[in-house]
Amino acid sequence: MALLLGVDTGGTYTDAVLIRDDELVVASAKSLTTRHDLAEGIGGAVRAVLASADIAPSEISLASLSTTLATNALVEGQGGRVALIYIGFRERDLEAHGLSDALKGDPAIVLAGGHDHAGAEVQALDEAGLIAFLERHRQDVSGFAVAGQFATRNPAHELRAAELVAQVTGRPVSASHQLSAKLNGPKRAMTAVLNARLIGMIDRLIGRAEDELKSLGITSPMMVVRGDGALISSAQARERPIETILSGPAASIVGARWLTGAELALVSDIGGTTTDVALLRGGRPAIDPAGARVGPYRTMVEAVAMRTTGLGGDSEVHFISEGLRGGVTLGPRRLLPVSLVAVDAPEVVHDALDAQLRAVTPGEHDARFVLAVPGQTTEGLGPREAALLERIGAGVHPLGDVLRARIEQGALKRLVERGLVQIAGVTPSDASHVLGRVLEWDTTAARKALQLFGRRRTGAGDVLSNSAEDVAQMIVDRLTHQTCLALLETAFAEEDTAFGIAPEVLAQHVLMQRGMAGHRGLVRLQTGLDVPVIGLGASAASYYPAVGARLGCEMILPEHAGVANAIGAVVGRVTMRQSGTVTAPSEGKYRVHLVEGPQDFGDQHAALDRLEEVLRGHAMADAQAAGAADIQISVNRDIRTAGVEAREVFIEAVVTVEASGRPRVAEG
């Protein structure tokens, strides 16, 4: 009987689960996620689950990993410094399509070159300009992204640019045509930039995870969950890490279906950093036709149709001073909970909190701490960031002791975005400790932090609250409210009949909100959700009953909800898709667009058959490389025609081949 190991690295916890023959949960365990080296948390969770089940590591037939690392990195603006090579486009496209924002000051060059919609070269590639750019930036970036105009119709210039990147710099390169077969050059460029930014992070994670499993005696192959819930090999994930965005959330959807058998439900998974909401319809999650969106970025990655919100148990709590009563709001940035950092540095944290409580007036950085993340690359740091990082050094420090001038806040923000530094502060996890819902870390430190937070002055000049419990309840109530908004936005977005108003506007509309409170006056209002919600995540049982009550819907909290991602990581299937296009550059000519260049045919059916043959080979090879067994092939031909003078004229065809199978397990 096959014994399967699923592992999920979340923002706060790393989960491990053992499943027998894809039918029975044998054991589960949790370990704190170790941000400086995720493999340590993976090893801790795996050791715990093996001990709980009394299982020898050699009995594991397959290991699979889902991770929120890529998702969280994009939400929080982290990742390596990269350079964009933009071929055949205009300089102003960088600003017009959001690429400048995504680059965050990283270098970019717009080069002559590119192809037209039929795959013909428009202009020769400016190789001299490219080589000069590569020589200039070979040492100050961790990777390169390449995007050429109409590269999906002819990738020759992207391939040549990638070849030169490898020769001149030796750095990894992400070519846009390898990440998506669809048109829309700027969007492919965005996807390539984000992929390049993630390569170092995901490569380190997978490499260290494999080493950690081997050190424990687990020699079975390791899979990784893709953003659409399918499984890929660890090698494939290293090459295309962008495909692992929404990996954790996708695994949770697969896990929710496996745990509940639900056909129609909203799935809401709360982690440390994000809340991820998706709709199960017919027992399957929909694939987002516009490409995965994470934070401010819209990519061309196939992933589950999911709304990811920067709202989790470790979300930053912000004080709202406007208005007479004041209040709080949450996210999108993740902080280390004060109650957690106090476990690692109790003396530093409590001494600082006590001193701040003795002060007559509240300080700007009360209940905030800073620590460096060891083992990260620091290339491309400016002098101010480098000096601040050196000052932080090792250990935990009160934030006010580190920042010496207001101008350094910008440098600190950039260090956080690069993943080199972490900030600790008040979070919903601290509030849960104060309310007695969670008792895992330092409750006393959490109470002190919330007392400090409550000393802030509202617009009326009054303190927010003198009670840590009152502040904690405000934070939890706000989490309930923002979770309801996330669920309502998804529900409105997925309605069969659109309302003609943006989902986020509808969710917050006064009629919707008053209706959930059961307004009774001259008008009677009753609103809410009309489908069940499956609540997942370690803290779901703590927060989600109030969400269900507020929305007036059934809240399903399945057994093992806290490790649903780890379950989904190992019960999924290997699925590989390959897409290609046939166009008609002139009457009677059918052009097949292949990686090695366009091929022309005089017969439509011959062109389609040739494209399908090539795509079948690629999809089958990818599935076999991913470790799939019993592979099944399905083909979809989307042929577009137009009526011209009483006859149908071929315009374009998109052929998609899907190869799917169960992951091959090692013999125990």
Side-chain angles (χ1 to χ4, degrees), residues 32 35-36 313-321 326-328 330 333-374 387-413 415-416 420-436 438-458 461-475:
L32 279 172
R35 293 283 284 238
H36 65 281
D314 298 344
S315 288
E316 180 176 10
V317 179
H318 303 273
F319 175 63
I320 301 174
S321 58
V328 300
L330 308 178
R333 187 169 66 162
R334 175 187 182 269
L335 300 183
L336 283 173
V338 175
S339 53
L340 175 57
V341 78
V343 173
D344 295 327
E347 190 170 324
V348 171
V349 172
H350 281 282
D351 285 352
L353 294 174
D354 290 340
Q356 292 162 4
L357 284 168
R358 286 194 299 268
V360 176
T361 57
E364 181 183 1
H365 303 302
D366 281 357
R368 293 215 159 202
F369 301 86
V370 61
L371 65 157
V373 179
L388 183 57
L389 186 61
E390 184 177 356
R391 192 187 311 155
I392 293 170
V396 176
H397 308 278
L399 184 56
D401 292 356
V402 171
L403 291 179
R404 296 175 180 171
R406 186 167 292 276
I407 196 172
E408 290 184 334
Q409 292 185 351
L412 178 66
K413 180 175 182 288
L415 289 174
V416 171
L420 300 172
V421 162
Q422 287 183 283
I423 304 296
V426 173
T427 68
S429 294
D430 296 308
S432 292
H433 277 77
V434 170
L435 295 175
V438 179
L439 300 171
E440 295 185 21
W441 304 325
D442 191 329
T443 299
T444 303
R447 182 177 298 278
K448 292 176 182 179
L450 265 63
Q451 285 176 328
L452 286 165
F453 193 95
R455 296 171 66 183
R456 303 179 187 217
R457 298 280 176 176
T458 68
D462 301 323
V463 297
L464 181 64
S465 177
N466 289 314
S467 165
E469 283 78 9
D470 286 349
V471 176
Q473 193 60 55
M474 287 182 203
I475 294 169

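All residue numbers refer to positions in the sequence shown, counting from 1. These figures come from a predicted structure and were not determined experimentally.
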J.: Residues in salt bridge (Lys or Arg N to Asp or Glu O under 4.0 Å) with Arg456, at least two apart?
T.: none
J.: Where the side chain of Ser429 meets the backbone of Gly313, is there a donor-acceptor pair that is under 3.5 Å apart?
T.: yes
J.: Is the shortest heavy-atom distance from the side chain of Leu336 to the side chain of Leu371 under 4.5 Å?
T.: yes
J.: Counting N and O atoms only, with roles assigned by atom type, does the side chain of His397 sit under 3.5 Å from a partner on the main chain of Ile392, one being a donor and the other an acceptor?
T.: yes
J.: Answer yes or no: is there a donor N or O on one side and an acceptor on the other, between the side chain of Glu316 and the main chain of Gly425, under 3.5 Å?
T.: no
J.: If every non-hydrogen atom of Leu389 is compared with every non-hydrogen atom of Ala372, which pair is closest and at what distance?
T.: CD1-CB, 4.2 Å
J.: Can you tell if the side chain of Leu420 reaches within under 4.5 Å of the side chain of Val373, non-hydrogen atoms only?
T.: no
J.: Could you report the tightest heavy-atom contact between Ala446 and His433, atom names first, then the distance?
T.: CB-CB, 4.1 Å
J.: Is any side-chain heavy atom of Leu399 closer than 4.5 Å to one of Leu412?
T.: yes
J.: Would you mind telling me which of Glu469, Gln451, Gln473 makes a side chain to side chain contact (heavy atoms under 4.5 Å, CB included) with Val434?
T.: Glu469
J.: Going by salt bridge (Lys or Arg N to Asp or Glu O under 4.0 Å), name the residues that satisfy it together with Asp366, two or more places apart in sequence or in a different chain.
T.: none
J.: For Ser339, does its backbone N or O pair with a side-chain atom of Asp430 as donor and acceptor, under 3.5 Å?
T.: yes
J.: Would you say that Leu32 contacts Leu340 through its side chain, given a criterion of any heavy-atom pair below 4.5 Å between the two side chains?
T.: yes
J.: Please say whether more than 12 non-hydrogen atoms of neighbouring residues, nucleotides or ligands are located less than 6.0 Å from CD1 in Ile407.
T.: no
J.: Filter on salt bridge (Lys or Arg N to Asp or Glu O under 4.0 Å), then keep only pairs touching residues 344-358, sequence neighbours left out; what's left?
T.: Asp354-Lys448
J.: Side chains of Val471 and Val317: closer than 4.5 Å at any heavy-atom pair?
T.: no
J.: Quick one: do Arg457 and Val463 satisfy side-chain contact (heavy atoms from CB on, under 4.5 Å)? Show the steps, please.
T.: CA-CA 4 Å; Arg457 298 280 176 176; Val463 297; 3.7 Å; yes
J.: One pair to check against side-chain contact (heavy atoms from CB on, under 4.5 Å): Gln356 and His365. What are the steps and the verdict?
T.: CA-CA 9 Å; Gln356 292 162 4; His365 303 302; over 6 Å; no
J.: Report yes if the side chains of His350 and Asp442 come closer than 4.5 Å at any heavy-atom pair, otherwise no.
T.: yes
J.: Would you please test Phe369 and Leu335 for side-chain contact (heavy atoms from CB on, under 4.5 Å) and show each step?
T.: CA-CA 10 Å; Phe369 301 86; Leu335 300 183; over 6 Å; no
